Amino acid sequence: MKAIGVMIIIILMISCSSSRKSVVPNASSRVLDDIVAQKEFLVSSDWASPMASSSLQMIANSGLLPPGNSANMINLTGNSNYVKMVGDSIFGYLPYYGERRMAGAYGGTDTGIIFEGIPEALSIKKDTIKQRHQIYFEISDKNNATESYQVNLTLYPNHNSSMNVTSSHRAPISYDGKVKRVQEKE
């Protein structure tokens, strides 16, 4: 009886232990490795996920969002957006949906997230178990030097991307999309 109790405890401990499933490197992950190593990639997002707030929910309830969108999932199909890395420089143009916490530039017409230049902090790490790349950088707004962004970008081996943007003046927002190699000029 005691042996059965010990056996059950051992089985429970083994079944409840966390497991880290390794992703086997394949052709797609090797292409991603090459793109990131050369620091020449383009991320375009299909979905924006603003931080849920009562203001965004009121906009959604009023019917101002197109069909298929909600206060926390906005389809970006047809909206120009990108984050591009070329060498040490990063360029970005992302539509922004959410609340401003501090006023923008006087008379400003660009309401999106716009940045370009060499980031103040840049970290690129590869998770060899999951074959994904974690890219973190801090950069200032192109038009409003007092606003800065902290960007966490994850590139997956199937070339999907997930990006979290935290601003010094706005509520956080996330984007999901795809990554590809920057096309050379013809």
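All residue numbers refer to positions in the sequence shown, counting from 1. What you see is a predicted model, and the numbers here were worked out from it, not measured in a lab.
The nearest pair of heavy atoms linking Thr146 to His169 is O-CE1, 3.3 Å. Nearest heavy-atom pair, Leu65 versus Ala60, reported as atom, atom and distance to 0.1 Å: CD1-CB, 3.7 Å. Looking at every heavy atom in both residues, Gln150 comes nearest to Ser167 through OE1-N, 4.5 Å. Of all heavy-atom pairs between Leu153 and Ser161, the closest is CD1-CB, 4.3 Å. Between Pro50 and Ile74, the shortest heavy-atom contact is CG-CD1, 4.0 Å. Closest approach of Lys126 to Asp33, counting heavy atoms only: NZ-OD2, 2.9 Å.
Under 4.0 Å is where a charged nitrogen must lie from a carboxylate oxygen, and between Lys178 and Asp46 no such pair does. One finds no salt bridge joining Lys84 and Glu40 here, because no Lys/Arg side-chain nitrogen approaches an Asp/Glu carboxylate oxygen to under 4.0 Å.
A donor-acceptor distance shorter than 3.5 angstrom exists from the side chain of Asn81 to the backbone of Asn79, with no hydrogens or angles considered. Panel note: side chain Tyr175, backbone Leu94; no donor-acceptor pair is recorded below 3.5 Å.
For Lys180, the side-chain contact (heavy atoms from CB on, under 4.5 Å) test picks out Leu42, with sequence neighbours left out.
With Phe41 as the aromatic partner, Arg181 does not meet the cation-pi criteria of under 6.0 angstrom to the ring centre and within 45 degrees of the ring axis.
Residues Ile135 and Asn152 form no side-chain contact, since every pair of their non-hydrogen atoms from C-beta on lies 4.5 Å or further apart.
Remark: the Ser140 side chain and the Glu147 side chain contain no N/O donor-acceptor pair separated by less than 3.5 Å. Between the side chains of Gln131 and Asp127, no donor-acceptor pair of N or O atoms lies under 3.5 Å. Using a 3.5 Å distance cut-off with no hydrogens or angles, the side chains of Tyr149 and Asp141 do pair a donor with an acceptor. Of the N and O atoms on the side chains of Ser49 and Asn72, not one donor lies less than 3.5 Å from an acceptor on the other residue.
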Quick one: do Trp47 and Asn75 satisfy side chain to side chain contact (heavy atoms under 4.5 Å, CB included)? Show the steps, please. CA-CA 5 Å; Trp47 291 93; Asn75 189 336; 3.7 Å; yes

